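In this text the structure is predicted, and so the values were computed from the model without any measurement.
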Amino acid sequence: MKKISFIFLSLIISLSTAYAQKGINFSHTYAAGNKLLMCVDSAAKNIYYDFKFPNQPNTSFNYLPEINNVSIQIYFKTTERIQDYRYTILVDNKPIVVNESIGIAQLKDLDRGDDELLRFTTLGIFPIKGKTITTLIYSTENPIDIYKSVFYGLPIPKAKIEVLAKRFATEKGVDYNYIRKPKERIDLTFTEKDDELTIVKETLDIDYVYYISIKNKKTDKIIFESNSWLYGGYLNEAGKLSPYIKIDRSIFKKSGNYEIIIQPLIDWANCQDCNSSSNEIENYVSRYTLSITLDEEIYTKKELLFYTLIALFSIGLFFLLILFFIKKRNKKKLVEKELQKNIVKLQLNSIRSQLNPHFLFNALSGIQNLMNKNEIDNANKYLSKFARLTRNVLDDKERISLSQEKTLLDDYLQMEQLRFGFKYQINYSENLDLDNTEIPSMLLQPFVENAVKHGISQKNTDGEIMIKFINQANDLVLTVSDNGNGFDTQKRNEGLGLQLSRSRIELLNSIYKENRFTLVMQSTIRGTEISLTLTDWL
């Protein structure tokens with residue numbers, strides 16, 4: 001009779017295997033733990049395979065929630081004694097194969113492409129949907145080392161807390177207060193006698209998959225986590241031992257809300273063809289809010305004194321900082337007022353450098369000379385240029401555009417050109433916006449005047465003056481050059497105009513601290529070039 005039953009069971013397994021083989025993709029294998037590989041349905045999704053757990057070092061877990069059939073294979077190295085290995089297979093904790101040896105004749109070669117030749121065989125093809133298949137593999141040489149692989153075809157249950165137990169000291173030892181089947185929000189008060197909290201989880205076949213953590217909801221920091229479940233002392237309604245974890249009461253430093261989180265210790269990213277969203281993963285997570293009240297003196301007198309001193313020190317430091325910033329702000333105002341005075345002085349110096357007695361005398365002499373020669377038209381032109389130039393000089397503007405500066409220089413040079421007959425050019429870069437680029441007013445006029453009077457006044461029609469507005473990256477470079485006889489730039493005996501210009505540039509550098517003005521003078525017997533660079537001006 002036993003033989004007939006065994007033959008009948010084998011026939012059922014064979015038929016199930018033959019039916020399950022349909023649709024399995026044997027070209028793609030997954031690691032299934034220890035010496036096992038697996039193949040699953042061709043259109044399978046969400047394949048979580050070969051997970052290891054710290055509390056179960058010889059156990060591998062394969063989560064196959066959407067798989068219909070799985071083919072389990074075992075492989076060996078060519079150096080291993082295959083005849084020493086045995087395997088057992090359980091379906092829903094019921095054995096269907098017990099201590100079976102490996103059929104050496106059924107082994108096939110498996111070339112992994114890494115110069116290591118392996119041999120493998122199929123242990124069977126099994127329906128997995130809604131079931132749990134467990135394989136146990138060991139060698140007769142080391143029968144204690146049993147390697148377990150679990151193929152889980154059920155949804156992973158959402159863990160529940162069965163009991164919360166608060167331990168407290170008594171005259172005879174300790175005792176417990178129990179909260180059974182707690183709700184999602186739990187109110188707990190800890191007194192000085194309470195020293196420990198025990199969390200009992202409902203019993204499941206895969207308790208080792210879950211880990212627990214406790215988070216301070218105010219700081220959002222994890223204050224406790226563990227996956228080391230203990231057994232013994234707590235029996236569920238079915239009489240089975242329930243897993244529990246003990247937590248020292250000292251982890252709760254302050255009164256407030258804490259969150260107990262129990263979830264599978266699974267790396268959801270280690271998955272093949274996964275499409276699980278964060279909301280779906282949250283379905284596996286259990287959350288309980290733990291409202292803790294610490295019924296004791298939180299701070300000692302020493303701590304109160306310490307925090308009082310810190311508070312007094314902080315208040316004192318705060319007032320010192322306020323005084324410092326007020327003083328700094330007042331000092332800044334004084335500096336700004338001083339700078340305003342310097343700006344006024346700078347403007348006055350600029351006007352003085354243009355309307356000095358030599359300039360007025362030479363201009364009037366030029367007009368008289370033209371009138372004496374009966375060159376009435378030239379005299380009128382000279383007088384017109386002189387009048388417009390004088391108005392521009394007397395116009396109290398701190399900054400003017402480059403186009404206005406060019407007009408002013410044109411007026412001045414055309415006026416002097418009537419007297420000396422020299423030639424001049426004012427050139428500028430094509431991509432330089434003259435109308436929208438401003439510079440301090442009358443910035444170049446003293447250098448141009450110096451080029452006329454001390455450079456080319458004696459050369460008449462052979463004299464040449466070249467003025468350039470150039471942009472170099474973010475810098476604006478202004479140059480004035482002439483073909484006069486030059487002068488010694490090391491001597492400080494230049495005219496009043498250059499002295500005032502040097503003083504003005506120093507004042508400008510104190511105002512525009514982020515845009516330094518750099519003056520460079522180069523002079524030889526063939527001519528003089530004045531270069532003024534406005535750094536980061538554009």
Side-chain angles (χ1 to χ4, degrees), residues 332-333 335-356 359 385-416 424-452 465-482 496-521 529-538:
K332 185 178 179 181
K333 288 183 178 179
V335 171
E336 288 175 352
K337 289 181 180 179
E338 188 66 26
L339 286 176
Q340 291 297 328
K341 292 180 181 179
N342 289 334
I343 291 172
V344 173
K345 183 179 178 181
L346 178 64
Q347 293 171 339
L348 292 174
N349 286 340
S350 176
I351 294 174
R352 286 179 60 195
S353 69
Q354 308 305 318
L355 295 180
N356 59 71
F359 172 75
K385 299 290 184 184
F386 176 73
R388 189 162 72 171
L389 179 63
T390 304
R391 284 196 301 270
N392 288 333
V393 169
L394 292 175
D395 190 6
D396 190 18
K397 287 185 178 179
E398 182 183 350
R399 290 167 64 158
I400 61 174
S401 67
L402 282 177
S403 61
Q404 291 173 315
E405 180 77 357
K406 179 179 179 299
T407 300
L408 187 148
L409 295 176
D410 269 324
D411 286 344
Y412 175 76
L413 288 170
Q414 289 173 16
M415 184 180 73
E416 296 289 31
Y424 79 91
Q425 293 183 36
I426 300 179
N427 298 329
Y428 53 88
S429 301
E430 292 183 359
N431 58 345
L432 188 60
D433 189 353
L434 299 185
D435 292 330
N436 295 313
T437 303
E438 292 186 339
I439 60 173
S441 60
M442 304 292 290
L443 187 61
L444 288 181
Q445 205 279 337
F447 302 108
V448 175
E449 182 180 349
N450 201 63
V452 172
I465 291 178
M466 176 68 72
I467 300 172
K468 295 180 181 179
F469 304 157
I470 304 169
N471 63 323
Q472 294 181 350
N474 294 330
D475 298 342
L476 176 63
V477 181
L478 310 174
T479 62
V480 178
S481 59
D482 63 70
L496 181 61
L498 285 181
Q499 291 179 13
L500 291 173
S501 295
R502 289 181 186 274
S503 175
R504 188 182 186 201
I505 288 172
E506 290 178 0
L507 288 170
L508 287 171
N509 280 329
S510 68
I511 298 171
Y512 301 98
K513 294 183 179 181
E514 297 181 356
N515 310 99
R516 187 160 186 81
F517 290 64
T518 304
L519 176 65
V520 177
M521 296 185 180
E529 179 177 287
I530 306 294
S531 176
L532 184 59
T533 301
L534 283 64
T535 306
D536 287 332
W537 194 262
L538 300 177

| task | May I have the step-by-step check of side-chain contact (heavy atoms from CB on, under 4.5 Å) for Tyr428 and Leu402, ending in yes or no? | result | CA-CA 10 Å; Tyr428 53 88; Leu402 282 177; over 6 Å; no
| said: Glu514: which residues meet the side-chain contact (heavy atoms from CB on, under 4.5 Å) condition with it, sequence neighbours left out? | reply: none
| If you measure from CG on Leu408 to CG on Leu444, what distance do you get to the nearest 0.5 Å? | 10.0 Å
| field | Check: Thr437 and Phe469 side chains under 4.5 Å, non-hydrogen atoms | value | no
| request: Test side-chain contact (heavy atoms from CB on, under 4.5 Å) on Asp411 and Met415 and set out the steps. | output: CA-CA 6 Å; Asp411 286 344; Met415 184 180 73; over 6 Å; no
| Measuring from Lys468:NZ to Ser481:OG, what's the distance to the nearest 0.5 Å? | 6.5 Å
| message | Please enumerate all residues that pass salt bridge (Lys or Arg N to Asp or Glu O under 4.0 Å) together with Asp410, with sequence neighbours excluded. | response | Lys406
| remark: Taking every heavy atom of Val480 against every heavy atom of Phe447, the minimum-distance pair comes out as CG1-O, 4.1 Å
| query | From Ile470 CD1 over to Asp475 CG, what is the distance, rounded to the nearest 0.5 angstrom? | reply | 12.0 Å
| Results of side-chain contact (heavy atoms from CB on, under 4.5 Å) for Asn436 - residues two or more places apart only | Asp433
Expected list for residues 529-538: side-chain donor-acceptor pairs under 3.5 angstrom, two or more places apart:
residue: Thr535; atom: OG1; partner: Arg516; partner atom: O; Å: 3.1
residue: Trp537; atom: NE1; partner: Glu438; partner atom: O; Å: 2.6

| said: Around atom OH of Tyr512, are there more than 12 heavy atoms from other residues, nucleotides or ligands closer than 6.0 Å? | reply: yes
| field | Side chains of Leu519 and Phe517 in contact at under 4.5 Å (non-hydrogen atoms) | value | no
| field | Listed partners of Ser429 passing side-chain hydrogen bond (donor to acceptor under 3.5 Å, both in side chains), at least two apart | value | Asn471
| note | For Gln472, the side-chain hydrogen bond (donor to acceptor under 3.5 Å, both in side chains) test, sequence neighbours excluded, returns none
| Rounded to the nearest 0.5 Å, how far apart are CG of Leu434 and CD1 of Ile439? | 10.0 Å
| Distance-only donor-acceptor check, side chains Ser403 and Asp435, under 3.5 Å | yes
